[in-house]
Amino acid sequence: MKRARTTTISPKSPPHPPPPPTPPQKLHSRRVPLQWAPLNLPQSELYLPLTLPTGQTFRWKQTGPLQYTGAVGPHLISLKHHHDHDGAVYYHIHRTPSDESAAMCALLDFLNSHVSLADLWSDFSASDPRFAEVARHLTGARVLRQHPLECLVQFLCSSNNNIARITKMVDHVSRLGHPLGSVEGFDFHQFPSLERLALVTEQQLREAGFGYRAKYITGTVDALRAKPGGGEEWLASLRKLDLEVVIDSLCTLPGVGPKVAACVALFSLDQHHAIPVDTHVWQIATRDLLPDLAGARLTPKLCSRVADAFVSKYGQYAGWAQTLLFIADLPSQKSLLPSRDGNIKKNKPGKKKTTQIASW
DNA sequence: CATATACCTGAGAC
DNA sequence: AGTCTCAGGTATA
């Protein structure tokens, strides 16, 4: 039978607790089917499995079929596709300190909802047949607009690391923030402020398994706190600056190199033409964009050449194009796509991915 | 500038 | 079981 899913707000409530005489949280009643409201975004403009679990954020959890839950600032929100209505996106606000419309507003901002994916992809497809082919199979992959500090810390954790451990580390840091409740067994927290982050020591992070990234986090937190006016404001101020300045500024922080800087710029600082060039994108680029460089090693200089090539080809929103091409190259997606030579993709024995990046 | 190497950890592949 | 390699990099020499 199909039942609407239920949620509990208090952390760690036993399976069937007798209802307390006076519930601590009266915001939501317990064990009531969630109320879902339409988000006014068709599946073609937002397809959750291609947007939330594909490496932009590690803080959203799958809490049901085509359903994901995460924090947007202080708001705890679930999103899901409706089986009917062409798979349109619906939302449920589990908890918000203000009101529904404020949460909704924050959510639309988080989703960059003012950007029309249809327009973008039509442009990309016009300038690149391969993009057109890929896009036909993978519609609705958006670039998010995350909170800068939250985005930065997540990608500090990502260096030379795998998805499973990154997620674990991000979960650990997140627990420093204000708890927002639990959904389907996952505990959610507001991302900790700079002040909260400053309470944890490098040694504590190392003991928690962060390895050498422990000092990246404490070092960056310290550097941000030293900024006049506060680090969060400093980060936010980067949104109005040019990409080169943004990248250079971010790279002054310990643990932030070109790749992490580009991720933060693209996924949180409105730098829609930032191109995070990692080993993966390097493969894509030398295959499709700069075949001459195939076989070369990725140096900082070549890194910016790749970025330039993407921008030349796709323009002001090149980062959005790059994001889709990146997703298309994920092992979890390749099986859904026709391969270049037209054959059905079978896993190559040579290079195995041990980490499943996303599965659905 | 380009190249090489260390850096933490833990999950797979031999 | 004990190695080895690799994972969406960065900081140094």
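Order of the sequence lines fixes the chain letters, A, B, ..., with proteins taken first and strands second; residue numbering starts at 1 for each chain. Atom set for the values below is all heavy atoms of this structure, side chains included, hydrogens, waters and symmetry mates excluded. This is a predicted model, so every value here is computed, not measured.
- When the P atom is compared between dA13(C) and dC8(B), the two are found 15 Å apart, to the nearest whole Å.
- One can place CG of Leu298(A) at 14 Å from P of dA7(C), the figure rounded to the nearest angstrom.
- Taking the side chain of Asn162(A) as heavy atoms from C-beta on, and the options dT10(C), dC8(B), dA7(C), the nearest nucleotide is dA7(C).
- Following rounding to the nearest Å, Arg206(A) (CZ) and dG10(B) (C1') show an atom-to-atom distance of 16 Å.
- In this structure His189(A) satisfies the ring-ring contact (aromatic ring centres under 6.0 Å, His included) test with no other residue, sequence neighbours excluded.
- Membership of the apolar cluster around Leu243(A) extends to Ile247(A), as traced through chained side-chain contacts below 4.5 Å between ILVMFWY residues.
- The aromatic rings of His82(A) and Tyr90(A) sit tilted relative to each other, their planes meeting at an angle between 30° and 60°.
- Counting to the nearest Å, the P atom of dC8(B) and the NZ atom of Lys168(A) are 17 Å from each other.
- Each of Asp171(A), Thr167(A), Thr69(A) was compared with Lys61(A) under the side-chain hydrogen bond (donor to acceptor under 3.5 Å, both in side chains) criterion, and only Asp171(A) meets it.
- Between Glu133(A) and Arg130(A), no side-chain nitrogen of the basic residue sits less than 4.0 Å from a carboxylate oxygen of the acidic one, so the salt-bridge criterion is not met.
- On the P atoms, dC4(C) is 14 Å away from dA6(B), given to the nearest whole Å.
- Ion pairing between Asp329(A) and Arg287(A) holds under the 4.0 Å rule for side-chain N and carboxylate O.
- Between Leu325(A) atom CG and dG8(C) atom P there is a gap of 18 Å when expressed in whole angstrom units.
- Taking atom CZ on Arg297(A) and atom P on dA2(B), their separation rounds to 13 Å, with Å as the unit.
- Here the separation of dC6(C) from dA4(B), taken at their P atoms, is 16 Å to the nearest Å.
- Within the 4.5 Å cutoff, no side-chain heavy atoms of Glu232(A) are placed close to those of Pro148(A).
- Between the side chain of Glu150(A) and the backbone N or O of Phe191(A), no donor-acceptor pair lies under 3.5 Å.
- Phosphate contact (OP1/OP2 of dG9(C), side-chain N/O of Ser158(A), threshold under 4.0 Å): absent.
- Between the C1' atom of dG9(C) and the CD1 atom of Ile166(A) lies a distance of 10 Å, rounded to the nearest Å.
- Out of dG8(C), dC8(B), dA2(B), the shortest distance to the side chain of Tyr212(A) is found at dC8(B).
- Nucleotides dG8(C) and dT5(B) have their P atoms positioned 23 Å apart, rounded to a whole Å.
- Judged by distance alone, the side chains of Glu184(A) and Gln67(A) never bring a donor and an acceptor atom under 3.5 Å apart.
- Between Arg225(A) and Glu195(A) a salt bridge is recorded (basic side-chain N to carboxylate O distance below 4.0 Å).
- Computed from coordinates, the Leu205(A) CG to dT9(B) P distance equals 12 Å when rounded to whole Å.
- Following rounding to the nearest Å, Phe326(A) (CZ) and dA7(C) (P) show an atom-to-atom distance of 12 Å.
- The stretch residues 243-264 of chain A comes close to DNA chain C through Leu253(A), Pro254(A), Gly255(A), Val256(A), Gly257(A), Pro258(A), Lys259(A), Val260(A), Cys263(A), each having a heavy atom under 4.0 Å from the strand.
- Within residues 139-156 of chain A, no residue approaches DNA chain C, by heavy-atom distance under 4.0 Å.
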Symbol by symbol from the 5' end, with Watson-Crick or G-U pairs under 3.5 Å, [ ] crossing and | another strand, DNA chain C is .||||||.|||||
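- Picking from dA2(B), dT9(B), dG9(C) the nucleotide with the shortest atom distance to the side chain of Lys301(A) gives dA2(B).
- Residues in residues 194-216 of chain A take part in these ring-ring contact (aromatic ring centres under 6.0 Å, His included) pairs, two or more places apart or across chains: His172(A)-Phe210(A), Tyr212(A)-Tyr216(A).
- Ring orientation note: the planes of Phe131(A) and Trp121(A) are nearly perpendicular, at an angle over 60° on the 30°/60° scale.
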